[in-house]
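Remarks on the structure that follows.
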Amino acid sequence: MDWLLALDLFGVFVFSLSGGFDAAQHKLDILGIMVLAIATAVGGGIMRDVLLGINPPAAFTNETYLLTCIAGGLVVIFFSGRVEKHYHWVKNADAIGLGVFAAIGAAKALEYGLGWVGVLMMSAMTATGGGLIRDLLLRQVPMILHSDFYASAAIIGGAVYMLCHFSGIDEQNALLISAASAIAVRFIAMKWNLSLPKITGGAR
Amino acid sequence: MDWLLALDLFGVFVFSLSGGFDAAQHKLDILGIMVLAIATAVGGGIMRDVLLGINPPAAFTNETYLLTCIAGGLVVIFFSGRVEKHYHWVKNADAIGLGVFAAIGAAKALEYGLGWVGVLMMSAMTATGGGLIRDLLLRQVPMILHSDFYASAAIIGGAVYMLCHFSGIDEQNALLISAASAIAVRFIAMKWNLSLPKITGGAR
Amino acid sequence: MDWLLALDLFGVFVFSLSGGFDAAQHKLDILGIMVLAIATAVGGGIMRDVLLGINPPAAFTNETYLLTCIAGGLVVIFFSGRVEKHYHWVKNADAIGLGVFAAIGAAKALEYGLGWVGVLMMSAMTATGGGLIRDLLLRQVPMILHSDFYASAAIIGGAVYMLCHFSGIDEQNALLISAASAIAVRFIAMKWNLSLPKITGGAR
């Protein structure tokens, strides 16, 4: 399972960059950067674990998660100028983190016996929960709500994981295929600026 | 217990209409509508179950809850014009959902051994927690805080449940009496536009 | 352990004053004042207990906590003019509550086997989580993010607790030394208006 932990930590790291960088742009002090780096990176996984009844959440039982967040926060603090210049790399890495978290969320939800809607919800929550906490703290419109295929990519990743699982594909490959699907959807959506339809009926 | 589940699902359905309709008014895309339909309808029950240590929460162990939310979201997406025209029905249904959730919250809290303040809190949280999440996501002033007898109606429902319980009334009747009381208070408050007093002393 | 419970309840009481007073300043009705008094005073401890897997949280198993919150809310409702005149006392008491909660958070986190980053997080979360919920509900910039040594004081208190613990100092003294350290840091920061550095690099 070492490769899975490595993937998970990679997702945590890029999400901590994303949260910390957002904090720096809002002119928060160094503690604020750390708070947002941690909340963005492990918030989704913690929400998932609390809802599944995993106590304490993985983010607290394996200290490597929090240390990885702190590393991400320190990168923002010391290299914020350079991070900004290469922000498209952060966005790309964020897409990869999204896919990895969606796949891991689906795997954990299935393991804990949730039904298919629950599995899709856990995919979306693991992948977007941290960003949601970041947006609430910074009082921004939550990204998940104006989502141009952000949460949707995570949900597609979760659906692919279930398809693989029920086709008898082993866990490792299912995780890779699922993460790759979500990442592909996310990259395609970013490249062509796709968005979900809005209803144009009577609601104003 | 089938009638209780049916009542609970009715509450979930009308709350998902309320959340989805609010999302449509904020011009969110169809995923945003689904997210708010689900969060509004099961958010309060999930908060209650997490606090009581019910893992995973009922909303995840019985997939019917989430499917009901999706049905509510679809109604908003396909019939939003008509829903809007009959919005007073949504408001009336919301009052019924409020009462049902308050009664169920009180029953679960007593079952898990909380004291009377805890029971009243769980009534209020079950009935208003989903709406609170909706308001936080849409960055509205939380309804629970400018409440013209919204949370108060739930608390009264919880108190009535406890009175019934300690008077030896069986669970089914206690639930019905409690829900009816909260619904009556809510309808009266809507009709006469009642509100709780504000303090007019030195606080400015 | 009676003195620990007494300290904890003292922290709960002053935090309920702080939350209730904030609600009164936002012209909320008496239920809104009670909601904020409760959320501010027990929110941090509930977040901590949920994350550590303590079900139900202490705030629900010992009704004294909630009754103390209600007492604080009533003080705000009946004496809000006088509370305002002596608001510096609320601020001083708040600093004491902060230190007490930081120490208790660290002790519980260690007891449940968290690593050192986790312990510091639980100190900060116990001490600042309630205020965070208050700020989210009132739609204020979270105090923890523009923190002039607020969360930092809690983290320092947590670090001192760990130092005491691993130096073999018994729990009671460790709690007192830790709380006193956090309180001292907080008072010094308030007096000299200390703040953490912001990064001045490329982030704009």
Side-chain angles (χ1 to χ4, degrees), chain A residues 46-57 105 108-122 124-125 128-129 131-133 135-156 185 189 194-204, chain B residues 19-36 38-39 42-43 45-47 49-71 73-87 133-139:
Chain A
I46 288 175
M47 283 164 70
R48 177 200 61 215
D49 287 356
V50 166
L51 291 180
L52 292 176
I54 303 173
N55 283 317
K108 277 216 185 179
L110 268 179
E111 191 186 327
Y112 279 77
L114 296 203
W116 69 270
V117 193
V119 170
L120 297 184
M121 262 188 78
M122 287 300 163
M125 190 172 278
T128 67
L132 178 61
I133 297 174
D135 293 337
L136 286 178
L137 291 176
L138 291 175
R139 308 202 300 165
Q140 304 177 134
V141 180
M143 185 146 166
I144 194 181
L145 291 185
H146 60 105
S147 64
D148 68 309
F149 272 95
Y150 193 80
S152 332
I155 290 171
I156 290 169
V185 170
L194 297 184
S195 62
L196 288 173
K198 291 178 186 183
I199 60 177
T200 49
R204 260 160 301 118
Chain B
F21 190 71
D22 230 0
Q25 286 192 311
H26 279 75
K27 304 218 162 287
L28 298 185
D29 62 25
I30 55 175
L31 182 73
I33 291 173
M34 279 298 169
V35 167
L36 277 175
I38 293 174
V42 297
I46 288 176
M47 283 164 70
D49 288 355
V50 166
L51 292 180
L52 293 176
I54 304 173
N55 284 316
F60 292 116
T61 48
N62 184 345
E63 199 82 354
T64 318
Y65 286 102
L66 293 174
L67 292 171
T68 303
C69 297
I70 290 178
L74 288 175
V75 166
V76 171
I77 289 168
F78 288 114
F79 305 107
S80 70
R82 252 174 273 181
V83 173
E84 190 178 27
K85 215 181 302 170
H86 301 290
Y87 192 58
I133 296 175
R134 177 198 61 212
D135 294 337
L136 286 178
L137 289 177
L138 291 175
R139 309 201 300 164

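Computed from a prediction, not measured in an experiment: that's the story for all the values here. In what follows, every chain begins at residue 1, and chains take the letters A, B, ... in the order their sequences are listed. The basis for the numbers below is simple: all heavy atoms, side chains too, and nothing from hydrogens, waters or symmetry mates.
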A:Phe149 vs B:Leu31 side-chain heavy atoms within contact, under 4.5 Å: no
Approximate separation, where rounding is to 0.5 Å, of A:Met121 CE and A:Arg48 CZ: 13.5 Å
Region of B:Leu137 in contact with chain A, defined by heavy-atom distances below 4.5 Å: both
A:Val141 versus chain B, the contacting section by heavy-atom distance below 4.5 Å: both
B:Arg139 side chain to A:Arg139 backbone, donor-acceptor under 3.5 Å: yes
Chain A contact via B:Ile54 - which portion, at a heavy-atom distance below 4.5 Å: neither
Contact check, side chains of A:Trp116 and B:Leu67, non-hydrogen atoms, under 4.5 Å: yes
Greatest number of heavy atom pairs closer than 4.5 Å to chain A - which of B:Asn55, B:Ile70, B:Leu36: B:Asn55
Interface residue of largest heavy-atom contact number with chain A, from B:Pro56, B:Ala59, B:Cys69, under 4.5 Å: B:Pro56
Part of A:Leu51 lying under 4.5 Å from any heavy atom of chain B: both
Shortest non-hydrogen separation from A:Ala154 to A:Ala124 and the atoms involved: CB-CA, 4.0 Å
